**Student:** 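Below are the structure tokens for one structure; questions will follow.
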Protein chains: 2
Amino acid sequence: MKPVAPQIRIARPPTGSDVARAAGVSKSAVSRAFNGGLVSEDARARIFEAARLLKYRPSLTARSLTTNRSGLIGVAITHLDNQFYPEVIEHISDRLREEKYRLVLFVTQGATDLEPMLDELLGYRLDGIVLASSSLAAQLATECRESNVPVIMFNNIDPQGRAPGVTTDNAAGAAQIARFLLAGDHRRFAIVTGIADSSTSMERCASFRETIAAAGLPEPARVSGEYSFEGATRATLELLRGKDAPDAIFCVNDHMALAAVQAARTAGREPGRDISIVGFDNVAIAAWPAFALTTYAQPVRQMTDNMISRLLQAIDGKPLPDETVRLPGRLIVRATARRPAGVRTDEEGVDYWEG
Amino acid sequence: MKPVAPQIRIARPPTGSDVARAAGVSKSAVSRAFNGGLVSEDARARIFEAARLLKYRPSLTARSLTTNRSGLIGVAITHLDNQFYPEVIEHISDRLREEKYRLVLFVTQGATDLEPMLDELLGYRLDGIVLASSSLAAQLATECRESNVPVIMFNNIDPQGRAPGVTTDNAAGAAQIARFLLAGDHRRFAIVTGIADSSTSMERCASFRETIAAAGLPEPARVSGEYSFEGATRATLELLRGKDAPDAIFCVNDHMALAAVQAARTAGREPGRDISIVGFDNVAIAAWPAFALTTYAQPVRQMTDNMISRLLQAIDGKPLPDETVRLPGRLIVRATARRPAGVRTDEEGVDYWEG
DNA sequence: ATGAAAGCGCTAACAT
DNA sequence: ATGTTAGCGCTTTCAT
């Protein structure tokens, strides 16, 4: 005994065949019409009209099965509370939209396992992957490459240079900050670092120390701010407590520098007058009047442009060399650090220092 | 004349057939093994072993073609510079991961056309869509629903209630802020609003005005801060310039309130002493010592939980009623507004006011 | 418990 | 310029 009524089905999106039927052509004609193939004006017109009527949109899922392209780029990112990353996401998103790719976002937790992460990243046949600021980024990168998915690292690179990546020239930046502070007559330096295994933190830290050492001054004190606001607050307070408190603190990123500025005030020291604090990133908040943070600006736009271009090339089959591109930034001078001579102003009224 | 050498092909990811062959079973067996179907212990073991060796991961793209589920949830969002949204993204991302969905992020521009947006959203057969803070959200919502894709609005709802959504109870929140300010003996009120067609801004604004009116006090001045930092700065400065300058400013969100606080200082008025400023959202930055912003906290966690649960139910076929769920928040008392009587402290040391 | 076969919506050779 | 055909990698009846 069969059911009398046909099964009620949810209205399904129209397919290319539906359009073909309505327009009186074959599926292939429809496909060609939507992909810039050869179709007569006449047919093309009928096809688009039918498509419009039926509200047809090609299923990108089905398409990706045959083209072997998903149109999806994965972006793995942490520390969304650090304003730098939302800014990065906006830039990436802009570029990707221009290039007709969609952005699949993976907000990675602090300590995640590698495997589940990989299942997520590799299960979808993402066309490419951007690894920004994840602590397991370097490991992820090698795994993904084994699976033949183009990967590129952003702002946090593989220290051994075994994966393609883009960063600001951290060494140059940190060295310039050190020279700036030296020129400002500071003598007792300290560094608030990020998490231990962060390449970014290590590079900036190392270069800063070298420059200070080269000037013949004592080794800067170092405390980890763990890349968090609270961590940096604690770190700064700890640095300020000692009798040999520093007269200049370099925070490895702005997120922590902003915490440091406030911590210093809490401790009764006004940055720029009683103590100098310099950050790295030049996030939007750094320019806020409440902070006026002196900081080294990362060229975010250029970094994302370079990264996406290279990634797309790799997707198009051009092999991506394991090269780390290091782009130069600029030291933006505001008010949280004593100003040495040589500060200049650009056309837009921004003060900067080139040593 | 044919080419002699076969075309060199990039190593392709292994397929279910590869695994089946290696394990000596059929494709269907592999599929069942990976989907909790009926397979003998023996076969299952061989299948997983083969899969491990070949590094096989089922193609979710192909799967979605047959199951008609993509496992993708679209999230459309603007104003990433407003720290509220990165926070929201983190919460959404957490929940989605738990539920085995991936997040496709659409950072919508200020003024985008509807159509390209729709092509993007509907082309991928997204299982569901979250519309947060887009100015065209209400229009997008109706369009998507016509295409049978579950949609839910977040923090910015359809004023006519023709689409499901979640917000904080904006009316209750704004009214409470007004009562708080009234209790603090303020008399000349002003509002810094968001963009004109934002439901959120309108709701908060309307309720605030009603409460002030009900108290028999003159209509608050209103200036648009356009949801931007610069806009809010200008708006505040403008308000402060007049001879009849307000003694209390309600900013429709924290992002603008933070600008207002700094603008007030620029104008020589210290918030909490010379003028009172209250925000809405309770973003992380509001708690920073530099601001200590008094603000109405949105229950972000509950909002996203509610939203995702409902969205997933809709995806599972349970029809989603066009209901706007309004969750209660809490007025967090910090230092930017004069404190009336009745401020209490919770277990975590947070000061709040319930009127 | 297992396999064969059909089909999801599309694209891409290959004919014509 | 257009249609036919054969998959893409998977799930899902339907037999066995």
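We name chains A, B, ... by the order of the sequence lines, and we start the count at 1 in each one. This structure is a prediction, so every number in the text was calculated from the model and none was measured.
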**Student:** Does any donor atom in the side chain of B:Ser199 or B:Asn156 lie under 3.5 Å from an acceptor atom in the other side chain?
**Tutor:**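 There is such a pair (donor and acceptor under 3.5 Å, judged by atom type) between the side chains of B:Ser199 and B:Asn156.
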**Student:** Hey, are A:Ser31 and A:Arg63 close enough side-chain-wise for a donor-acceptor pair under 3.5 Å?
**Tutor:**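 Distance-only check fails for A:Arg63 and A:Ser31.
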**Student:** Expressed as a whole number of angstroms, how long is the span from A:Arg125:CZ to D:dC10:C1'?
**Tutor:**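 Nearest whole value for this atom pair: 11 Å.
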**Student:** In terms of side-chain heavy atoms of B:Ala43, which of C:dT11, D:dT11, C:dT2 is nearest?
**Tutor:**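 Nearest nucleotide to the side chain: C:dT2.
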**Student:** Using side-chain heavy atoms (C-beta onward) and a distance below 4.5 Å, is A:Thr167 in contact with A:Met153?
**Tutor:**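 SC-SC contact between A:Thr167 and A:Met153 ruled out.
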**Student:** Return no unless some side-chain N or O of B:Ser40 is found under 4.0 Å from OP1 or OP2 of C:dT2.
**Tutor:**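 For C:dT2, OP1 or OP2 has a side-chain N or O of B:Ser40 closer than 4.0 Å.
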**Student:** Identify, between A:Arg57 and B:Leu38, the residue whose nearest nucleotide on DNA chain C lies closer to the 5' end.
**Tutor:**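 Its nearest nucleotide lies further toward 5', so the answer is B:Leu38.
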**Student:** In plain terms, say whether A:Arg46 and A:Glu49 are close enough for a salt bridge, that is, a side-chain N and a carboxylate O under 4.0 Å apart.
**Tutor:**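 A:Glu49 and A:Arg46: not salt-bridged.
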**Student:** What is the distance from CG of B:Leu65 to C1' of C:dC8, rounded to the nearest Å?
**Tutor:**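 Result: 4 Å.
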**Student:** A:Asn68 has an atom CG; how far is it from atom C1' of C:dC10, in whole Å?
**Tutor:**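 It works out to 13 Å between those atoms.
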**Student:** Please state how far atom CZ in B:Arg46 lies from atom P in C:dT2, giving the value in whole angstrom units.
**Tutor:**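 Going from B:Arg46 (CZ) to C:dT2 (P), I get 8 Å.
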**Student:** Check DNA chain C against residues 21-37 of chain B and give the residues with a non-hydrogen atom under 4.0 Å, in numerical order.
**Tutor:**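 Residues of residues 21-37 of chain B that come under 4.0 Å of DNA chain C are, in numerical order, B:Val25, B:Ser26, B:Ser28, B:Ala29, B:Arg32.
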**Student:** Just to confirm, is there a sub-4.0 Å distance from OP1 or OP2 of C:dC10 to any side-chain nitrogen or oxygen of A:Tyr56?
**Tutor:**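 So the side chain of A:Tyr56 is within the cut-off, an N or O lying under 4.0 Å from OP1 or OP2 of C:dC10.
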**Student:** Is any side-chain heavy atom of A:Leu80 less than 4.5 Å from a side-chain heavy atom of B:Glu87?
**Tutor:**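 No, their side chains stay 4.5 Å or more apart.
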**Student:** Take atom CZ of B:Arg63 and atom C1' of D:dC8, then tell me their distance rounded to the nearest Å.
**Tutor:**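 My rounded result for the distance is 16 Å.
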**Student:** How many Å lie between CG on B:Leu60 and C1' on C:dC8, as a whole number?
**Tutor:**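 Taking atom C1' of C:dC8 as the reference, CG of B:Leu60 is at 16 Å.
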**Student:** Rounded to whole angstrom units, what separation is found between the CD atom of A:Glu41 and the P atom of D:dT2?
**Tutor:**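 Those two atoms, CD and P, are 10 Å apart.
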**Student:** Side chains of B:Arg69 and B:Tyr101, heavy atoms from C-beta outward: is any pair under 4.5 Å?
**Tutor:**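 Yes, their side chains come closer than 4.5 Å.
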**Student:** Does B:Arg12 put a side-chain nitrogen or oxygen below 4.0 Å from OP1 or OP2 of D:dG9?
**Tutor:**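 So the side-chain polar atoms of B:Arg12 do come within 4.0 Å of the phosphate oxygens OP1 or OP2 of D:dG9, strictly under.
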**Student:** About how many Å separate CZ of A:Arg162 and CZ of A:Arg145, when rounded to the nearest 0.5 Å?
**Tutor:**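 Output value for this atom pair is 9.5 Å.
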